[in-house]
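Quick notes on the structure that follows.
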Amino acid sequence: YSTIRSQIIRNINKQFPPNIKSFDDIPIESKYYKTKRNENFMIFKNTDLIIFQSPFQAYLFSNYHKNIFADGTFYAAPKFSYQLFITRTYVGEFNMLYTTSISILKNKKQSTYETLFKEIKKNANKFRSNTLITTINFHCDFEQEYLTNNASESYNSYLNNIFPNKPLFYKLIYILKEEENLSYNDYQRRTKGNWKKKQKIFSATDEIKILIENYKSKEIILFYNGCNRNELIKLWKECLIDLNDININLK
């Protein structure tokens, strides 16, 4: 098992270009800035920060912006950066928290954070049909609220577990895109694909395809997190149970 796991991780790592060693070396354009659905993932870069937000994440930010939870982690940030900054939102009808942006910051200057929020808000407005986003309630880590801690700090701990050491830039982007795809598939299944305008009817075949993709992404993340064989068996057993539930709902 260990040999197979190591081989899979090596094959994934071979896909990455040479590691980024300084913030200035981060490219403005890259094929790695595309989601698994071939959509733009990177929305902004300057000398102080780079922001990642997929169209799906921007949609969540623009339509569930009543309360946005924000927090930063230093441990999962690349060596050349100061902080990995994450925003999340709570979708009440599903009782779920979804990540709405991830940014890598070079420093802790106030102007850097001001630019970050300005650009996220500007990008999210593209996905709101009627009115612009004007009022957003940001809850940061210094506000000792249970939901704030649950929304941001638990996700930070999750990333810290995946990356016990400072991650390489492209490996971090790879994991963030896998996580984004997991959230996208989860939301698709819960809404039956109705969140997107002109979305085709969400069929059982679509649901099965999304379910399998979801578990493949979970498997990759488990590999990086140093899982054992029993955890993989449990994962795919859960997949079979979910597939069976889909089959039952069709009858």
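Atom CZ of F85 sits about 4.0 Å away from atom CZ of F117, to the nearest 0.5 Å. Distance check: K166 NZ to F74 CZ gives 8.5 Å after rounding to the nearest 0.5 Å. Once rounded to the nearest 0.5 Å, the distance linking CD1 of I173 with CD1 of I50 reads 6.5 Å. The distance from the CD atom of E178 to the OG1 atom of T35 is 11.0 Å, given to the nearest 0.5 Å. To the nearest 0.5 Å, the span separating CG on L116 from CG on N46 amounts to 9.5 Å. In this structure, OG in S81 is found 7.5 Å from CD1 in I26, a value given to the nearest 0.5 Å.
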**Request:** Applying side chain to side chain contact (heavy atoms under 4.5 Å, CB included), run through Y113 and Q83 and close with a yes or a no.
**Result:** CA-CA 11 Å; Y113 290 99; Q83 185 184 56; 2.7 Å; yes
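Pairing each heavy atom of F61 with each of Q53, the nearest pair is CB-NE2, 4.0 Å. In terms of heavy-atom proximity, I51 sits nearest to L49 at CG1-CD1, 3.5 Å. When every heavy atom of Y187 is checked against every heavy atom of F94, the shortest pair comes out as CE1-CE1, 3.7 Å. Closest non-hydrogen pair, Y170 versus P18, comes out as CE1-O, 3.7 Å. Contact detail for S62 and A124: the closest heavy-atom pair is CB-O, 3.2 Å.
R37 has its side chain within reach of N181: a pair of non-hydrogen atoms, C-beta onward, lies under 4.5 Å apart. E114 has its side chain out of reach of K118: every pair of non-hydrogen atoms, C-beta onward, lies at least 4.5 Å apart. No side-chain heavy atom of S30 sits less than 4.5 Å from a side-chain heavy atom of M42. Residues L172 and P78 are in side-chain contact: their nearest non-hydrogen atoms beyond the backbone lie under 4.5 Å apart. Contact of the K106 side chain with the D24 side chain is registered, since non-hydrogen atoms from C-beta on lie closer than 4.5 Å. Using a 4.5 Å heavy-atom threshold, the side chains of Q57 and I102 count as touching. In this structure, the side chains of I120 and F44 stay at 4.5 Å or more apart for every pair of heavy atoms.
Listed for the Y33 side chain is a donor-acceptor partner under 3.5 Å among the backbone atoms of P27. In this structure, the side chain of T89 engages the main chain of Y64 through a donor-acceptor pair within 3.5 Å. At least one donor-acceptor pair closer than 3.5 Å links the side chain of T87 to the backbone N or O of S101.
Aromatic ring pairs are classed by plane angle as parallel below 30°, tilted from 30° to 60° and perpendicular above 60°; the pair F52 and F169 is tilted.
Tested against R88 for a side-chain hydrogen bond (donor to acceptor under 3.5 Å, both in side chains), the candidates T100, D71, T99 yield a single pass: T99. The only member of Q188, R189, R190 that meets side-chain hydrogen bond (donor to acceptor under 3.5 Å, both in side chains) when paired with D186 is R190.
A 6.0 Å sphere centred on CD of E93 holds more than 12 heavy atoms belonging to other residues, nucleotides or ligands. A 6.0 Å sphere centred on NZ of K108 holds no more than 12 heavy atoms belonging to other residues, nucleotides or ligands.
Between E180 and K177, none of the side-chain N atoms (NZ, or NE/NH1/NH2) sits under 4.0 Å from a carboxylate O, so this pair counts as no salt bridge.
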